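Here's the structure we're looking at; comments come further down.
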Amino acid sequence: MTRATMTRQTMTRQTMTRQTMTRQTMTRQTMTRQTMTRQTMTRQTTDHPMQDLEVHLPDRPGALADLGQALGEAGVSLEGGGVFTHAGQAVAHYLVHDGARALRAVTAAGLGPSVVRDVELASLDQETPGQLGSLARRLGDAGVNVLVQYSDHVGNLVLLVADDDVPACREVLARWGSRRRG
């Protein structure tokens, strides 16, 4: 074996070892961040329920920046959600811990009609395809109309349903949760 071949093999082994160590470190760091986030979210949800902030924004450049700045200046953290535009109307849905504070901030900034509503959270197995369809089918079969659905930063499904549908939604989600645990 030539010196060049030995050097390439050594370099390849070193690169593979570094890549493996990096992957292992990244996996540990990701798992630690996810665990810490879940623990934080559980504590915060218990102390202050999460709510959906809905804001109708003008369909123009800078509207999202205005929303983000108003909420940031008020100390409101966004835990999930997004903005969607349809037929010239931008609608933001964001998950927040302090709905009243968020609503005051967007109202003071004059950002458009806004409302805060309670949400239901569900956990999906991210490794199993079809989870959303399965849960949505159960909700639909129970007569629950899902008005808004998005995910939070921890991977939970955030559901906004009509007030009349909340009891049925909670019943389906309780069965869903016990099925996943059992």
Side-chain angles (χ1 to χ4, degrees), residues 29-126 131-132 135-136 138-140 142 144-174 176-177 180:
Q29 289 172 342
T30 301
M31 287 171 40
T32 300
R33 273 196 307 273
Q34 288 173 344
T35 301
M36 288 172 56
T37 302
R38 281 194 181 97
Q39 289 169 346
T40 301
M41 185 171 176
T42 301
R43 262 196 320 277
Q44 290 173 338
T45 301
T46 303
D47 298 338
H48 211 283
M50 301 252 246
Q51 294 180 303
D52 175 78
L53 169 67
E54 176 182 324
V55 183
H56 292 256
L57 296 167
D59 183 13
R60 64 165 173 75
L64 179 58
D66 294 342
L67 174 62
Q69 287 177 325
L71 292 171
E73 288 169 7
V76 176
S77 178
L78 304 179
E79 304 301 327
V83 178
F84 312 92
T85 302
H86 177 72
Q89 180 63 55
V91 180
H93 280 274
Y94 283 107
L95 189 64
V96 297
H97 285 290
D98 191 343
R101 179 186 290 182
L103 190 57
R104 282 192 305 272
V106 297
T107 301
L111 293 175
S114 306
V115 64
V116 172
R117 287 181 260 185
D118 292 336
V119 298
E120 301 301 321
L121 298 175
S123 179
L124 299 181
D125 179 0
Q126 302 297 320
Q131 291 281 291
L132 174 61
L135 178 57
R138 291 167 193 241
L139 290 165
V144 176
N145 185 25
V146 176
L147 304 173
V148 176
Q149 177 272 311
Y150 54 91
S151 296
D152 67 10
H153 296 162
V154 187
N156 290 310
L157 193 67
V158 178
L159 301 170
L160 185 59
V161 301
D163 291 341
D164 293 344
D165 292 343
V166 170
C169 180
R170 287 182 177 164
E171 186 177 316
V172 169
L173 295 180
W176 178 263
R180 291 199 60 225

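Worth saying up front: this structure is predicted, and the values here are computed from it rather than measured.
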Rounded to the nearest 0.5 Å, how far apart are [atom1] of [X] and [atom2] of [Y]?
{"X": "Arg104", "Y": "Asp98", "atom1": "CZ", "atom2": "CG", "result": "6.5 Å"}
{"X": "Asp125", "Y": "Leu135", "atom1": "CG", "atom2": "CG", "result": "12.5 Å"}
{"X": "Glu120", "Y": "Asn156", "atom1": "CD", "atom2": "CG", "result": "12.0 Å"}
{"X": "Leu53", "Y": "Leu71", "atom1": "CG", "atom2": "CG", "result": "6.0 Å"}
{"X": "Ser77", "Y": "His153", "atom1": "OG", "atom2": "NE2", "result": "7.5 Å"}
{"X": "Leu139", "Y": "Leu159", "atom1": "CG", "atom2": "CG", "result": "6.5 Å"}

- Item | Set of residues satisfying salt bridge (charged side-chain N to carboxylate O under 4.0 Å, His left out) with respect to Glu171, sequence neighbours excluded |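 So Glu171 forms a salt bridge (charged side-chain N to carboxylate O under 4.0 Å, His left out) with Arg175.
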- Query: Ser114 side chain to Gly112 main-chain N or O, any donor-acceptor pair under 3.5 Å?
  - Reply: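 Yes; judged by distance alone, with no hydrogens or angles, the pair exists.
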- Short N-O contact, Asp66 and Arg60, less than 4.0 angstrom: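 Salt bridge: yes.
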If you compare all heavy atoms of [X] against all heavy atoms of [Y], which two are closest, and at what distance to 0.1 Å?
{"X": "Ala109", "Y": "Ala70", "result": "CB-CB, 3.8 Å"}
{"X": "Asp152", "Y": "Gly155", "result": "OD1-N, 2.9 Å"}
{"X": "Leu147", "Y": "Ala162", "result": "CD1-N, 3.6 Å"}
{"X": "Thr85", "Y": "Ala90", "result": "OG1-CB, 3.6 Å"}
{"X": "Cys169", "Y": "Val144", "result": "N-CG2, 3.6 Å"}

Please examine the side chains of [Y] and [X], heavy atoms only from C-beta on, and report whether any two atoms are closer than 4.5 Å.
{"X": "Leu57", "Y": "Val91", "result": "no"}
{"X": "Val96", "Y": "Glu79", "result": "no"}
{"X": "Leu160", "Y": "Val146", "result": "no"}
{"X": "Phe84", "Y": "Gln89", "result": "no"}
{"X": "Gln149", "Y": "Leu157", "result": "yes"}
{"X": "Leu78", "Y": "Leu95", "result": "no"}
{"X": "Leu121", "Y": "Val158", "result": "yes"}
{"X": "Tyr94", "Y": "Val55", "result": "no"}

- Please lay out, stage by stage, how Val106 and Leu67 fare under the test side-chain contact (heavy atoms from CB on, under 4.5 Å). CA-CA 7 Å; Val106 297; Leu67 174 62; 3.4 Å; yes
